[in-house]
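Please read all numbers here as calculations on a predicted model, not as lab measurements.
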There are 2 protein chains.
Amino acid sequence: MNISAASKAAGLPVKTVRYYADIGLVEAPSRSGAGYRTYDDVTVRKLVFVRRSRAFGFSIEGCRELLSLYQDQDRTSSEVKRIASQRLEEIEEKQRELQSLHDELAHLVTSCRGDHMPDCPIIDYLG
Amino acid sequence: MNISAASKAAGLPVKTVRYYADIGLVEAPSRSGAGYRTYDDVTVRKLVFVRRSRAFGFSIEGCRELLSLYQDQDRTSSEVKRIASQRLEEIEEKQRELQSLHDELAHLVTSCRGDHMPDCPIIDYLG
DNA sequence: CCTAATCTCTCCATTAACTGGAAGGTCAAG
DNA sequence: CTTGACCTTCCAGTTAATGGAGAGATTAGG
C-alpha cells in the first residue's frame with residue numbers, strides 16, 4: 001500500500017501519515033526499491049486508532065500512551081479507564097470555562113444596543 | 001513606568017508585554033537613555049484591554065480589530081456587537097463539539113469495568 | 001517508446017501566541 | 001565596589017501539523 005492508499009484507509013492526510021512516522025508515533029513503514037513508503041494493515045489500523053484518539057482530544061503523547069496499551073496484551077482496563085477519565089475531566093473543565101465565558105459574553109452582547117452610536121457596554125467592559 | 005511595573009499594572013507577563021509591542025498590537029513604548037522601555041498609562045490601558053479580550057478567546061487579530069474600535073470615536077456599537085456575536089457563535093460551536101465529545105467519552109468510560117482484565121470498550125472503540 | 005499526469009520523495013518554512021534561556025548592560029542599596 | 005534585581009537583544013522551542021519547492025518514479029494513453 002502506497003502512502004496515498006494508506007492515507008485514505010486511515011482517514012488522515014498524507015502529510016499527517018508521514019508525520020506520525022517521523023515522530024515515532026507509528027513505526028516507520030518499509031520502503032519500495034524507489035524509496036516509496038509501503039504500509040501494511042497493522043500500521044494502518046494504528047493510524048486509525050490515532051485518528052480516533054485525536055478526535056477525542058488526546059494529545060500526541062496521550063495517543064502514544066493509548067497506543068502502547070492497545071498493543072499490550074497484559075494491559076488492564078483500569079489503566080485505560082484512568083487515562084480516559086483524565087481526559088474526560090479535562091473536557092469537563094474546558095466546558096465549565098467555556099460556559100462562564102459564554103454567559104459573560106452573551107450578557108454583554110445582549111446589553112449592547114447594536115446601533116449607530118459609539119456607546120457600547122462590550123467596549124466599556126473590555127477597556 | 002518600566003516594563004515590570006507595566007506588566008503588573010496590565011496583568012500580563014513581561015515577555016508578553018514586549019511581544020505585543022513587537023507585533024504592533026500596541027505602540028512601541030519610548031525608551032530611557034539606557035534603552036529601557038518606558039510605558040505610559042494609555043498603553044497600559046490598551047494592554048489591559050487586550051488581556052480581557054484574549055480572555056474571551058479573541059485572537060490577536062480579533063484584538064487588533066477591537067482595539068481599533070476602542071480607539072475610534074466614530075465607531076458604532078453595531079460593529080462591536082457584530083464581532084462579539086461572531087465570537088459568541090464560535091464559543092457555542094465549540095460547546096456543541098465538546099458536548100458530543102463529552103457524551104461519547106463518558107459513555108465509554110462508564111461502560112469500562114476498569115479492572116485487572118485487558119478487555120476494554122474504550123480501546124475497542126478506538127481500534 | 002514517448003509523454004503528460006500523477007505520485008512520491010526530502011527538506012525547509014510557517015502557523016498561534018507566546019515562553020524559556022543565554023549573554024550581557026544598568027541601576028540602586030549597603 | 002559589589003551584589004542583586006532589573007533590563008536588553010536574540011535565538012530556540014512549544015503543538016500538531018500544513019504548505020510548498022524541486023526533483024525523482026510510475027502509470028496511462030497514444
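- Put simply, Ile23(A) and Phe49(A) are part of the same group of oily side chains (I, L, V, M, F, W, Y) that touch within less than 4.5 Å, one to the next.
- Between Arg82(B) and Glu79(B), no side-chain nitrogen of the basic residue sits less than 4.0 Å from a carboxylate oxygen of the acidic one, so the salt-bridge criterion is not met.
- Along DNA chain C, the nucleotide closest to Ser59(B) and the one closest to Lys15(B) are compared, and the more 5′ of them pairs with Ser59(B).
- In this structure, Tyr19(A) places its OH atom 19 Å from P of dG20(D), rounding to the nearest Å.
- A side chain to side chain contact (heavy atoms under 4.5 Å, CB included) with Lys81(B) is found for exactly one of Asp115(A), Thr110(A), Val109(A), Ile123(A), namely Val109(A).
- The span of DNA chain C lying next to chain B, judged by atoms under 4.0 Å from heavy atoms, is bounded 5' to 3' by dA17(C) to dC27(C).
- Cluster annotation: Ile3(A) and Tyr36(A) are assigned to distinct hydrophobic clusters (Ile/Leu/Val/Met/Phe/Trp/Tyr, side-chain heavy-atom contacts under 4.5 Å, transitive).
- Atom CD in Glu92(B) sits 3.5 Å away from atom NE2 in His102(A) (nearest 0.5 Å).
- Atom CD of Glu61(A) is separated from atom C1' of dA17(D) by 14 Å (rounded to the nearest Å).
- Residue-to-nucleotide proximity on DNA chain D shows that, of Val14(B) and Phe58(A), the 5′-proximal contact is made by Val14(B).
- Contact check, Tyr20(A) against dA17(D): a side-chain N or O comes under 4.0 Å of OP1 or OP2.
- Computed from coordinates, the Arg54(A) CZ to dA16(D) C1' distance equals 6 Å when rounded to whole Å.
- Regarding Met1(A), its CE atom lies at a distance of 18 Å from the P atom of dT26(D), rounded to whole Å.
- We find that CG of Asp22(A) is positioned 13 Å from C1' of dT18(D), with the value rounded to whole Å.
- Looking only at side-chain heavy atoms (C-beta outward), Tyr70(B) and Glu65(B) stay at 4.5 Å or farther from each other.
- The structure places CD1 of Ile122(B) at 8.0 Å from OG of Ser77(A), a figure rounded to the nearest 0.5 Å.
- At a threshold of 4.0 angstrom between heavy atoms, the contacts of Ile23(A) with the nucleic acid are absent.
- With sequence neighbours left out, Phe56(A) forms a side-chain contact (heavy atoms from CB on, under 4.5 Å) with Phe58(A), Leu101(B), Glu104(B), Leu105(B), Leu108(B), Tyr125(B), Leu126(B).
- To the nearest 0.5 Å, atom CD of residue Glu61(B) and atom CG of residue Leu25(B) are 8.0 Å apart.
- Across residues 28-46 of chain B, Arg31(B), Gly35(B), Tyr36(B), Arg37(B) each have a non-hydrogen atom less than 4.0 Å from an atom of DNA chain D (numbered order).
- Between Thr16(A) and the phosphate of dT18(D), there is a side-chain N or O to OP1/OP2 separation shorter than 4.0 Å.
- Between Arg18(B) atom CZ and dC7(D) atom C1' there is a gap of 7 Å when expressed in whole angstrom units.
- With rounding to whole Å, Arg64(A) atom CZ is found 10 Å from dA16(D) atom P.
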